[in-house]
There are 4 protein chains.
Amino acid sequence: MKNTFGQSVALTIFGESHGTAIGAVLDGLAPGIPVDEDFIARQMSLRKAVGDISTPRREADAVRILSGVFNGRSTGTPITFMIENQDTHSRDYGELAYKARPGHADLTAQMKYHGYQDFRGGGHFSGRITAGIVAAGAVAITALRGKGIKIGTHILACGGVKDRTFGDVSADIDKLDGLPFAVLNDECKDKMTEAILAAKQEGDSVGGVLETAVYGFPAGVGEPWFDTLEGVLSHALFSIPAVKGVEFGAGFGVSELRGSQSNDPFRSEDGKVVTDSNNCGGILGGISDGMPIVFRCGVKPTPSIYKEQQTVNMNTSENTTLQIQGRHDPAIVHRARVVADSITALVLCDQLALRFGTDWLAGNDNNTDKTQGEI
Amino acid sequence: MKNTFGQSVALTIFGESHGTAIGAVLDGLAPGIPVDEDFIARQMSLRKAVGDISTPRREADAVRILSGVFNGRSTGTPITFMIENQDTHSRDYGELAYKARPGHADLTAQMKYHGYQDFRGGGHFSGRITAGIVAAGAVAITALRGKGIKIGTHILACGGVKDRTFGDVSADIDKLDGLPFAVLNDECKDKMTEAILAAKQEGDSVGGVLETAVYGFPAGVGEPWFDTLEGVLSHALFSIPAVKGVEFGAGFGVSELRGSQSNDPFRSEDGKVVTDSNNCGGILGGISDGMPIVFRCGVKPTPSIYKEQQTVNMNTSENTTLQIQGRHDPAIVHRARVVADSITALVLCDQLALRFGTDWLAGNDNNTDKTQGEI
Amino acid sequence: MKNTFGQSVALTIFGESHGTAIGAVLDGLAPGIPVDEDFIARQMSLRKAVGDISTPRREADAVRILSGVFNGRSTGTPITFMIENQDTHSRDYGELAYKARPGHADLTAQMKYHGYQDFRGGGHFSGRITAGIVAAGAVAITALRGKGIKIGTHILACGGVKDRTFGDVSADIDKLDGLPFAVLNDECKDKMTEAILAAKQEGDSVGGVLETAVYGFPAGVGEPWFDTLEGVLSHALFSIPAVKGVEFGAGFGVSELRGSQSNDPFRSEDGKVVTDSNNCGGILGGISDGMPIVFRCGVKPTPSIYKEQQTVNMNTSENTTLQIQGRHDPAIVHRARVVADSITALVLCDQLALRFGTDWLAGNDNNTDKTQGEI
Amino acid sequence: MKNTFGQSVALTIFGESHGTAIGAVLDGLAPGIPVDEDFIARQMSLRKAVGDISTPRREADAVRILSGVFNGRSTGTPITFMIENQDTHSRDYGELAYKARPGHADLTAQMKYHGYQDFRGGGHFSGRITAGIVAAGAVAITALRGKGIKIGTHILACGGVKDRTFGDVSADIDKLDGLPFAVLNDECKDKMTEAILAAKQEGDSVGGVLETAVYGFPAGVGEPWFDTLEGVLSHALFSIPAVKGVEFGAGFGVSELRGSQSNDPFRSEDGKVVTDSNNCGGILGGISDGMPIVFRCGVKPTPSIYKEQQTVNMNTSENTTLQIQGRHDPAIVHRARVVADSITALVLCDQLALRFGTDWLAGNDNNTDKTQGEI
């Protein structure tokens with residue numbers, strides 16, 4: 001389905017980095033969810049480029065809602081978010097029209113779109129397209145909060161600096177809420193920033209790891225095959241530009257344990273089943289077990305660097321070199337974090353609607369015993 | 001879509017570990033693909049439990065084709081594979097009906113299916129269900145080979161022993177073809193086997209890492225958002241029971257590099273663009289770049305161990321302990337390897353059919369300039 | 001999705017007329033639905049060829065359930081129905097391998113499958129494939145009945161004879177239940193039978209119109225655009241071989257009315273909203289209004305006739321004539337009726353699961369307020 | 001998928017009658033298709049309300065393209081069309097907020113959206129939403145024309161007046177192109193207009209029948225089950241507000257013929273297979289046969305009439321009466337005609353892309369033999 005993801009709650013995204021506008025259509029969300037434009041703007045601000053560690057391109061990222069909201073709440077029909085591009089430099093793109101930037105999608109775009117793609121600033125491949133995901137994600141996050149479900153992502157690693165992992169998941173998610181640079185251990189912020197700036201000074205860039213936790217998600221959601229919770233989440237998470245790995249719970253680390261270490265023993269507590277360890281990341285057999293869902297995304301360094309690189313001329317197939325100009329991020333892991341939250345929220349809203357029906361998120365009386373037109 | 005995966009070429013799987021039969025329906029494959037029952041049997045044998053390092057349950061795994069094959073070739077309509085269960089022990093399952101096995105899906109199945117699930121031997125969650133995937137995957141692998149595309153998976157790590165990674169990808173894939181215990185460095189086989197047997201002796205189990213490479217896959221396949229090649233592959237790969245992480249190219253490792261290290265420089269060679277390194281795993285912007293596609297799956301240890309474990313009684317919610325009896329695998333990574341090949345082949349057939357049309361894999365003349373009923 | 005239909009409750013069908021077996025996989029049905037093999041057999045019998053008005057091919061149509069049923073109830077995982085073909089005449093198909101039968105899919109199959117299709121008896125295009133739909137539909141009908149929803153189809157017209165339309169919908173559906181030749185006005189049975197036999201005697205065939213009603217379907221199900229109830233029902237109904245038209249409520253007739261005649265006025269009755277007329281067929285804006293859903297399918301005459309017909313040789317592209325031999329139905333409208341009921345039931349189960357969640361049909365407690373693993 | 005339709009070429013629509021903007025996102029269209037804003041405007045004008053026979057609401061319907069077009073051609077990524085609402089009367093909607101208009105979706109919207117729906121002017125159910133379909137359809141029509149495929153729809157019946165059916169399909173489609181009131185027999189225009197005005201004068205409305213033909217569509221496209229061409233076309237066509245019936249070829253009429261009359265004999269002509277009659281509407285076994293695809297949609301009279309109607313108060317469940325004020329169409333069949341063309345074009349682009357690949361419509365070299373990054 002290309003630019004649409006989700007079955008019951010579905011997101012469609014559109015736009016190019018230097019086109020007229022970017023945006024998203026969020027379809028299938030329960031009617032009656034509050035749509036708070038201030039909260040959307042707050043979330044957008046977390047994705048924005050700020051300070052020395054981000055691109056100097058500064059977009060207002062004002063979100064205009066075109067449809068689907070009435071009296072401040074979702075109507076149940078498509079909500080459309082439009083963000084006009086403003087700070088686009090209309091300079092000549094010159095050699096970027098035909099020299100493929102290593103690590104970017106220029107070459108593969110050419111293979112797929114045969115030269116018709118809008119190459120300016122990465123076009124439809126630009127990380128800028130995630131702005132629409134964040135706008136829609138803000139409403140999804142609001143919907144989940146209404147059911148006691150909350151999501152938080154922090155920068156577990158960046159430029160060689162490691163944050164601590166989640167401890168008290170609920171408290172940690174609260175702590176991360178709204179942080180411009182999301183780390184659990186406060187000391188990491190400065191260290192990571194330094195590492196980013198060091199790379200920037202050398203015309204280089206750094207990657208990192210994002211870790212996400214979901215608290216309060218109901219047990220019994222997901223499918224044993226194909227639409228496992230891991231499968232649908234990873235499917236969407238790999239859309240975040242630069243993500244090259246996704247792992248749940250103990251992840252790749254679990255492969256080094258023995259079964260007696262990796263199995264999470266069950267324990268009954270106040271009529272609920274809990275596990276003390278969470279190596280499975282809250283998912284067994286593809287289905288949520290009621291414990292926090294925890295996963296990590298490996299993010300590659302921004303491919304736009306200022307060092308000279310070897311590449312090819314796509315018109316002549318000749319070898320050449322390229323020195324990228326323009327405005328770029330020396331790291332995007334801190335900006336990608338709110339995108340991870342947003343995609344997670346959208347996927348989980350979809351899973352919950354598939355499992356419990358289209359009204360569940362809003363807590364609407366769903367007419368289930370009404371036939372013959374009872375209003 | 002639960003037990004169906006794929007859009008143009010789609011697989012539907014069914015069955016339970018101790019039910020009447022398991023199997024799969026493969027729909028949408030191009031007409032004219034050879035269906036070689038010997039090759040299917042060969043692939044099935046790679047998944048079979050053999051020797052000391054696997055469960056003593058021994059199934060013939062004879063595949064019966066019910067539909068979709070005529071004169072030894074695919075008809076273009078659904079191919080159905082049925083495998084009857086035979087070596088099922090009809091003993092009393094006793095406490096496994098209500099004691100949730102840690103690391104297994106018993107608890108989450110109860111949350112989702114409310115006690116109606118067939119719990120015998122893990123029911124529909126059993127790794128046994130992958131037999132249908134392997135049968136269908138054999139035909140998908142044949143189809144890909146007809147277009148010069150080949151796939152190989154080896155055990156990169158198991159029980160603390162590490163295999164070498166892919167070098168000459170084409171030759172390495174050929175080497176792996178048909179190996180009962182798939183490693184690139186021959187010495188690893190005995191060492192890994194020892195590690196598995198050591199765990200088994202302690203009533204425990206081990207996990208590992210599988211690494212897969214695809215050679216000869218065309219450039220320009222995949223989507224920039226949502227249906228990235230990474231997204232659709234990982235979506236399906238997380239269906240392999242016990243997989244908890246999927247990473248492409250340098251994967252999580254790339255997060256520790258700088259951009260100047262992780263970017264793969266492009267080079268023109270005989271009119272084609274190649275990269276010397278392959279940190280992106282053959283995928284840029286979600287789209288294949290023509291280099292080998294390379295990814296790894298982290299596999300947790302088999303959760304069935306013989307050590308006593310703490311758990312809950314699902315009927316009474318009381319804490320209890322469980323000592324699993326029955327027949328189990330001390331490791332499944334060696335058996336899961338052919339499942340990884342099979343799922344990969346099925347996903348890639350789907351992606352190619354979506355991109356180039358339903359006839360491409362078979363090389364059929366596709367009538368594209370025929371209107372008005374030209375035969 | 002070709003041979004799979006449905007999003008939450010999905011059916012996959014397979015098989016060829018003269019292959020090994022035909023069947024269906026029903027995925028996503030709520031766990032806990034009774035699976036009554038006697039009722040399945042009863043429904044299969046309504047599709048069977050009997051008497052002079054049907055083909056002399058006589059199949060036992062014994063349904064073997066391979067998976068998804070445990071202790072007499074659905075498990076929530078795929079239910080697989082297999083029906084082995086038995087009464088296949090292994091004679092030489094001769095000229096049918098290359099002479100396209102008018103009105104059949106032989107020519108279009110050749111265009112799509114390039115000669116790889118199993119042409120024997122129509123192969124995968126055969127009406128015989130509907131047997132799998134009827135088996136799965138029987139379980140869907142049982143599920144709906146558990147929620148007070150019932151479906152009935154009668155032969156509104158056949159061979160120039162017209163049955164009355166639905167009056168007291170609930171009573172009429174009850175009357176139709178299990179009738180081998182389903183008409184509301186008893187006198188129509190003999191008249192229609194005579195018309196069929198008259199055509200048969202001339203080596204010809206007749207078509208007809210099926211009318212279906214659904215009673216007790218909840219209001220508020222369906223979508224305003226694309227997935228209108230009319231859209232999803234018609235999508236599936238056109239799969240019934242020979243259906244060339246689908247209309248809802250007053251259907252094409254409504255196009256000749258004025259708005260003041262076609263609008264169904266609303267009236268409040270015992271706290272429910274009802275309409276006295278039902279020109280909209282129970283659907284407004286694509287969404288059910290709680291009144292009976294009513295629609296009709298126009299069915300063309302069986303294309304297999306014994307008269308000589310003009311056609312082409314698909315190998316040589318030359319004009320030729322064809323006189324069909326073999327066993328055929330002079331009418332299929334009476335056998336298609338249970339297929340209409342079955343497809344309708346499957347589509348509505350899917351719509352209800354999408355709207356109210358996967359547990360609704362079974363009335364399971366759906367854990368909606370349970371987090372943290374409450375069993 | 002609610003407001004998204006299509007698998008390879010997919011349309012997503014959004015908006016409400018009196019909201020900020022309406023529009024559509026067209027995803028998956030081949031790169032390189034010319035996007036002609038004049039032609040889009042021409043198509044939009046055919047949907048516009050003009051003269052006495054349409055609503056006095058006059059919208060500029062200026063289409064703003066937000067994404068997916070670069071240098072006048074499709075990029076292959078989502079094309080977004082936005083149409084701002086302008087001529088919305090901000091009067092008090094008064095009783096329309098709680099009195100359900102008969103024949104409209106007010107009641108069913110209440111059942112589904114629980115009062116959160118934007119009820120103004122029908123909100124998301126308004127025929128106005130088809131403007132986005134027409135904008136996107138214009139590009140789809142252009143794409144098809146590039147491959148010699150053309151579509152035309154005329155008003156076969158309206159207010160008791162009948163147009164002739166298609167004769168020379170290619171010439172008839174050319175004749176219809178751009179006609180503001182599309183009939184094949186010129187005399188019908190005035191007669192139909194009179195019938196519409198007569199109804200209008202009485203505060204009433206009329207319905208009609210639309211007939212569509214597709215010329216030049218390749219043989220071998222469509223599926224035998226579920227995704228039959230009839231199924232996917234009808235699925236989408238029932239989204240046109242007020243359509244209550246869809247029939248192909250001889251449609252319901254075929255049910256009154258004998259097989260010897262309804263079968264279309266095949267004949268070889270210049271190496272192509274043709275049929276002289278076209279009772280099957282160009283589709284056999286769900287697959288195109290290369291002859292023109294022909295179908296009809298039955299359209300109910302506009303439900304907004306000025307006569308007093310009986311209804312219920314949705315707040316109190318009491319019976320009441322309603323006399324609709326505001327601006328309305330006494331007929332919509334003439335405006336719906338371009339919507340039928342547009343939806344047909346979009347569905348067929350999707351079917352062609354699924355069958356022949358994503359590049360086929362644009363005639364791009366599709367890299368099929370390129371591996372290893374050949375540009």
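Every chain is numbered from 1, with letters handed out A, B, ... down the list of sequences.
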Applying side-chain contact (heavy atoms from CB on, under 4.5 Å), run through C:Gln309 and D:Asn263 and close with a yes or a no.
CA-CA 9 Å; C:Gln309 297 180 85; D:Asn263 286 351; 2.9 Å; yes
side-chain contact (heavy atoms from CB on, under 4.5 Å), that's the test. Do C:Phe226 and D:Ile13 meet it? Break it down for me.
CA-CA 10 Å; C:Phe226 302 141; D:Ile13 55 175; 3.8 Å; yes
Give the C-alpha distance, both sets of side-chain angles, the deciding distance and a yes or no for side-chain contact (heavy atoms from CB on, under 4.5 Å) between C:Lys112 and D:Glu223.
CA-CA 9 Å; C:Lys112 184 173 171 72; D:Glu223 298 293 334; 3.0 Å; yes
Stepwise side-chain contact (heavy atoms from CB on, under 4.5 Å) check, C:Val246 with D:Val246:
CA-CA 6 Å; C:Val246 176; D:Val246 176; 6.0 Å; no
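Nearest heavy-atom pair across D:Gly271 and C:Ser317 is O-OG, 4.4 Å. Considering all non-hydrogen atoms of both residues, D:Ala105 and C:Gly285 come closest at CB-CA, 3.7 Å. Scanning both residues, C:Lys307 and D:Ser260, for their nearest heavy atoms gives CD-CB, 4.0 Å. Taking each heavy atom of D:Lys2 and C:Asp227 in turn, the nearest pair found is N-OD2, 3.5 Å. Considering every non-hydrogen atom in both D:Val312 and C:Arg267, the closest pair reads CG1-C, 3.6 Å. When all heavy atoms are compared, the tightest approach of C:Ser262 to D:Pro301 is OG-CD, 3.4 Å.
With a 4.5 Å cut-off on non-hydrogen atoms, D:Asp204 touches chain C through its side chain but not through its backbone. With a 4.5 Å cut-off on non-hydrogen atoms, C:Thr4 touches chain D through its backbone but not through its side chain. Residue C:Leu354: no heavy atom, backbone or side chain, is found under 4.5 Å from chain D. Neither the backbone nor the side chain of D:Thr275 has a heavy atom closer than 4.5 Å to any heavy atom of chain C. Neither the backbone nor the side chain of D:Leu237 comes within contact range of chain C; no heavy atoms are under 4.5 Å apart. Contacts of D:Tyr113 with chain C are made by side-chain atoms alone, with heavy-atom separations under 4.5 Å and no backbone atom involved. Looking at D:Val299, only its backbone comes within 4.5 Å of chain C, counting heavy atoms on both sides. Residue D:Gln310 touches chain C through both its backbone and its side chain, counting heavy-atom pairs closer than 4.5 Å. Both the backbone and the side chain of C:Arg296 have a heavy atom closer than 4.5 Å to some heavy atom of chain D. If you measure heavy-atom distances from C:Thr228 to chain D, the contacts under 4.5 Å come from the side chain alone. Contacts between D:Leu322 and chain C at a heavy-atom distance below 4.5 Å are absent for every atom of the residue. In this structure, chain C has a heavy atom under 4.5 Å from the backbone of D:Ser126, while its side chain stays farther away. In this structure, no portion of D:Ala157 lies under 4.5 Å from any heavy atom of chain C. Interface residue C:Ser288: only backbone heavy atoms are found under 4.5 Å from chain D.
For the atom pair CE of D:Met314 and CZ of C:Phe266, the computed distance is 8.5 Å after rounding to the nearest 0.5 Å. Taking CG from C:Leu107 and CE from D:Met291, the interatomic distance works out to 11.5 Å, rounded to the nearest 0.5 Å. Between atom NZ of residue D:Lys244 and atom CG of residue C:Asn279 there is a gap of 9.5 Å, rounded to the nearest 0.5 Å.
Options D:His104, D:Glu269, D:Glu318, D:Gln261 differ in how many heavy-atom pairs under 4.5 Å they form with chain C, and the most are formed by D:His104. The candidate with the highest count of non-hydrogen atom pairs below 4.5 Å against chain D, out of C:Gly231, C:Gly160, C:Pro330, C:Pro303, is C:Gly231. Annotation: maximal heavy-atom pairing with chain D below 4.5 Å, among C:Pro241, C:Ala109, C:Ser239, occurs at C:Ser239. Comparing C:Gly122, C:Ala100, C:Gly286 by how many heavy-atom pairs each has under 4.5 Å with chain D, the most go to C:Ala100. Each of C:Gly207, C:Ala236, C:Ser234 has some count of heavy-atom pairs under 4.5 Å with chain D, and the biggest count is that of C:Ser234. By number of non-hydrogen pairs under 4.5 angstrom with chain D, the leading residue of C:Ser268, C:Ser304, C:Pro224, C:Gly245 is C:Ser268. When each of D:Gly281, D:Gly159, D:Cys297 is checked for heavy-atom pairs under 4.5 Å with chain C, D:Cys297 comes out on top. With chain D as partner, the option from C:Gly208, C:Gly222, C:Cys158, C:Ala331 having the largest number of non-hydrogen pairs under 4.5 angstrom is C:Gly208.
Counting only heavy atoms from C-beta outward, the side chains of C:Phe125 and D:Ile287 approach each other to under 4.5 Å.
Checked against the 6.0 Å centroid threshold, C:Phe248 and D:Phe238 count as a close aromatic pair.
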Using a 3.5 Å cut-off and no angle test, enumerate the donor-acceptor pairs between side-chain atoms of residues 249-259 of chain C and protein atoms at least two apart in sequence or in another chain.
unit_1, atom_1, unit_2, atom_2, d
C:Ser255, OG, C:Phe252, O, 2.5
C:Arg258, NH1, D:Glu202, OE1, 2.9
C:Arg258, NH1, D:Glu202, OE2, 3.3

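With no hydrogens or angles considered, no side-chain donor-acceptor pair links C:Asp289 and D:Thr108 at under 3.5 Å.
Relative ring orientation between C:His124 and D:Trp225 is described as perpendicular, the plane-to-plane angle rising above 60° on a 0-90° scale split at 30° and 60°.
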